[in-house]
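Have a look at the structure below before the remarks.
Order of the sequence lines fixes the chain letters, A, B, ..., with proteins taken first and strands second; residue numbering starts at 1 for each chain. Heavy atoms only: backbone and side chains are in, while hydrogens, waters and symmetry mates are out.
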Amino acid sequence: MPQYQVVKGARDIFPDEIVRWHYVEGVVHRLALLYGYSEIRTPVFEYTELFQRSIGATTDIVGKEMFSFLPDPQGRSITLRPEMTAGVMRAVLQKNLLSTAPVHKLFYLSELFRKERPQAGRQRQFSQFGAELLGVSSPAAVAEVITFMMQVFETLGIRGLKLRINTLGDSSDRARYREVLRDYLTPFYDRLDLASRERFEKNPLRILDSKNPDMQEIIAGAPRLHDSLSSEAVADFEKVRFYLDSRRIAYDIDYRLVRGLDYYCHTAFEVTSPELGAQDAIGGGGRYDGLAKELGSSGEVPASGFAAGMERVLITMEKQGLFAALSPPGPKVYVVAQQQGLLDHAMQVAYRLRSEGISTEVDLAGRSMKAQMRDANRMRACFALFIGEDEVVSGAYALKNLVTADQTSQSLDAVIELINQYSGKEPES
RNA sequence: GUGAUUGUAGCUCAGUUGGUUAGAGCGCCAGGUUGUGGCCCUGGAGGUCGGGGGUUCGAGUCCCCUCAUUCACCCCA
C-alpha cells in the first residue's frame with residue numbers, strides 16, 4: 001500500500017479515461033455553440049456568505065457539506081464551491097453584465113466540492129456541466145434550458161433517462177402553501193422525524209421529498225402545492241409543458257419534486273439514469289428569478305439553468321457501452337533504432353517527422369528492437385520506420401505499414417510523402 | 001455523521017478445521033527469432049498478506065484497535 005493516496009472522495013483520471021472526458025466535453029461545447037451559450041469560468045472558491053445566502057442556510061449543502069476555511073486569521077471565511085449557479089450569478093452581477101445586453105446565455109464545465117461520504121456516483125470533488133440563461137423570465141427560457149440538456153444526453157446516445165418536472169409557483173404561492181402545509185402537518189407533529197421537525201418552521205416544503213418510509217403516509221395525504229398556485233403560475237407551467245410536448249420531450253409530472261436548493265421558483269426538473277444506483281440524478285435545474293435579489297441586486301435578474309453530473313454521465317455511458325470505440329490515439333510513426341548507438345540518429349529523424357506534422361514516437365530507453373516493435377504495436381502506431389546502419393549510410397529508410405505488414409525502402413522525403421498520403425485506418429489492436 | 005462490506009503481486013482473485021520456502025490468470029521484462037510487432041513456447045522480476053497489538057510452539061487464517069475501500073442511509077449532479 002503506497003504511503004500517499006488520493007484524498008477521500010477525489011480521484012485521478014488517466015489517459016485511457018481522459019479520452020471519454022474529451023468526447024463528452026466536445027459534445028457539450030458543440031451544442032452550446034449551437035444553442036448560443038458562451039463559456040464562463042469562475043473561481044473555485046467564493047466567500048462563504050455567498051453560498052449561505054443563495055443556496056439557503058437550512059439546506060444540507062450549506063449546513064454540513066461545505067469545505068470552508070479561513071485564508072488568514074483576520075480574513076473572511078471562504079468556501080470551495082459546492083455548486084455553480086451562485087458564483088455565476090455573483091460574477092454577472094459584479095460585472096453588471098446585463099447592462100451590455102438584456103439576455104446572457106452562459107455554460108460551464110467545472111469542478112465542485114461537497115464534503116459528503118463518497119458512494120457510487122458521488123464524490124467529494126466532482127464535475128458538472130451546465131448552463132445559465134439570464135435576463136429572461138418566461139416558460140420559454142426554462143423550456144430551452146431543458147431542451148438543451150436533453151439534447152446533450154441524446155447526442156451522447158444515452159438511453160432510458162427519465163425527466164421529471166414540477167412547478168413551485170412564485171414566492172407568494174409558496175408562502176400561501178407553506179401555511180396550508182403547516183396547518184395540515186400540525187396534528188402529525190409528534191409523528192414527524194427529527195429532520196422534518198427542523199424543516200417544519202423554516203422550510204416545510206422539503207418535508208415532502210423525505211424518503212423516510214415512516215413519513216410516507218403523512219406525506220401522501222398532504223395538500224398539493226399545485227392547489228395553492230395562482231392562475232398565472234398554473235398557466236406558466238402549462239406553457240412549459242406545451243414547449244416540451246411540441247419538442248417531443250417525454251416527462252413525468254412529480255408533484256413532490258422540490259429540490260434541495262432554496263432559490264428555485266416555478267419550474268423545477270430532474271433527470272434520473274437507470275444505471276446509477278442510489279444516487280441516480282444525472283441532471284437537474286429550474287428557474288430562479290429571485291436569486292439576484294437575494295444576493296442584493298437592485299434590479300431583477302430572472303434566470304433558468306441546469307446542471308448535469310459529469311461523472312454520472314460517464315458512468316451511465318460506460319454501462320451502456322457508449323465508449324466501446326474510444327481509445328487514446330497512437331502515434332503515426334514509431335521510429336525503431338536497430339541498436340542503442342543509433343538512438344541519436346533515430347531522434348533526429350523523429351524530430352524531422354514531427355516538424356512535418358507527423359506524430360512520432362521513439363524509444364528513448366534504448367531497448368531491443370523486439371521491445372520497440374511490441375511498443376509500437378501496443379501504441380497502435382501506423383508505421384514503423386527502421387533506423388539501421390544501412391539506412392544511415394544509404395539514406396534510404398525502411399518503412400513498414402504495421403497493419404498490412406508491407407515494407408518499402410525510400411529516402412526520408414519520400415517516406416514523409418508516403419505517410420502524409422496514408423489515410424488508412426489505425427490498427428485494430 | 002450513522003450502518004454494513006472488503007483489504008493477499010501492477011490488475012482480477014485463490015489460499016481447505018491455524019502447520020514448512022504464499023499461489024493462479026492477465027499484465028510487465030527477457031530469450032526462442034544477434035534488422036522486424038501481434039500468435040506460440042520458455043524463463044524472470046515483482047508480495048512488510050492494509051497497519052499496530054494480542055492469543056499460540058506456530059497467524060494470510062483467531063481476537064482487539066486503527067487506517068483505507070466499497071455500498072447504503074441522509075442528501076444531491
In whole Å, measure the gap between the C1' atoms of B/C76 and B/C29 for me. 47 Å
Could you work out the separation of B/G54 and B/U61 based on their P atoms and round it to a whole Å? 14 Å
Please state whether the phosphate of B/C29, meaning OP1 or OP2, lies under 4.0 angstrom from any side-chain nitrogen or oxygen of A/R367. yes
Using a heavy-atom cut-off of under 4.0 Å over every strand shown, decide if A/D375 touches base, sugar-phosphate, or nothing. nothing
Show your working on salt bridge (Lys or Arg N to Asp or Glu O under 4.0 Å) between A/E356 and A/R354 and close with a plain yes or no. CA-CA 5 Å; A/E356 299 288 338; A/R354 288 169 183 150; over 6 Å; no
What's A/R312 touching, base or sugar-phosphate or nothing? Going by heavy atoms closer than 4.0 Å. base
Give A/E83 one of three labels, base, sugar-phosphate or nothing, depending on what nucleic acid heavy atoms sit under 4.0 Å from its own. nothing
What I want to check is whether an N or O donor and acceptor connect the side chain of A/K370 with the base of B/G32 at under 3.5 Å. yes
Using a heavy-atom cut-off of 4.0 Å across all strands, would you classify A/A371 as base, sugar-phosphate, or nothing? sugar-phosphate
Could you check how far CZ of A/R117 sits from P of B/G3, rounded to whole Å? 9 Å
Distance-only, no hydrogens or angles: does the A/Q320 side chain make a donor-acceptor pair with backbone N or O of A/L322 under 3.5 Å? no
Per the atom types in the model, does the base of B/U36 pair as donor or acceptor with the side chain of A/Q407 at under 3.5 Å? yes
Distance below 4.0 Å between A/R380 side-chain N/O and B/G37 OP1 or OP2: no
OP1 or OP2 of B/G35 versus the side-chain N and O atoms of A/Q338: is any pair under 4.0 Å? yes
Less than 4.0 angstrom between a side-chain N/O of A/Q279 and OP1 or OP2 of B/C76, yes or no? no
Can you measure from CG (A/L80) to CD (A/E46) and round to the nearest 0.5 angstrom? 11.0 Å
For A/R378, which contact category applies under a 4.0 Å heavy-atom criterion: base, sugar-phosphate, or nothing? sugar-phosphate
Hey, does A/A120 reach any base, or is it just sugar-phosphate, or nothing, if we go heavy atoms under 4.0 Å? sugar-phosphate
Identify whether any heavy atom of A/E391 sits under 4.0 Å from a base atom; if not, whether one sits that close to sugar-phosphate; answer base, sugar-phosphate or nothing. base
Would you confirm whether A/E311, through its side chain, and A/S127, through its main-chain N or O, come within 3.5 Å as a donor-acceptor pair? yes
Looking for any heavy atom pair under 4.0 Å, which part of the strands does A/G121 touch: base, sugar-phosphate only, or nothing? base
Can a donor-acceptor pair under 3.5 Å be found between the side-chain atoms of A/R122 and the base atoms of B/C75? yes
Hey, does the Lys NZ or Arg CZ of A/R20 hover above the aromatic six-ring of A/Y23, less than 6.0 Å from the centre and inside 45° of the axis? no
May I ask whether A/F126 stacks on the base of B/A77, given the cut-offs of 5.5 Å between ring centres and 30° between planes? yes
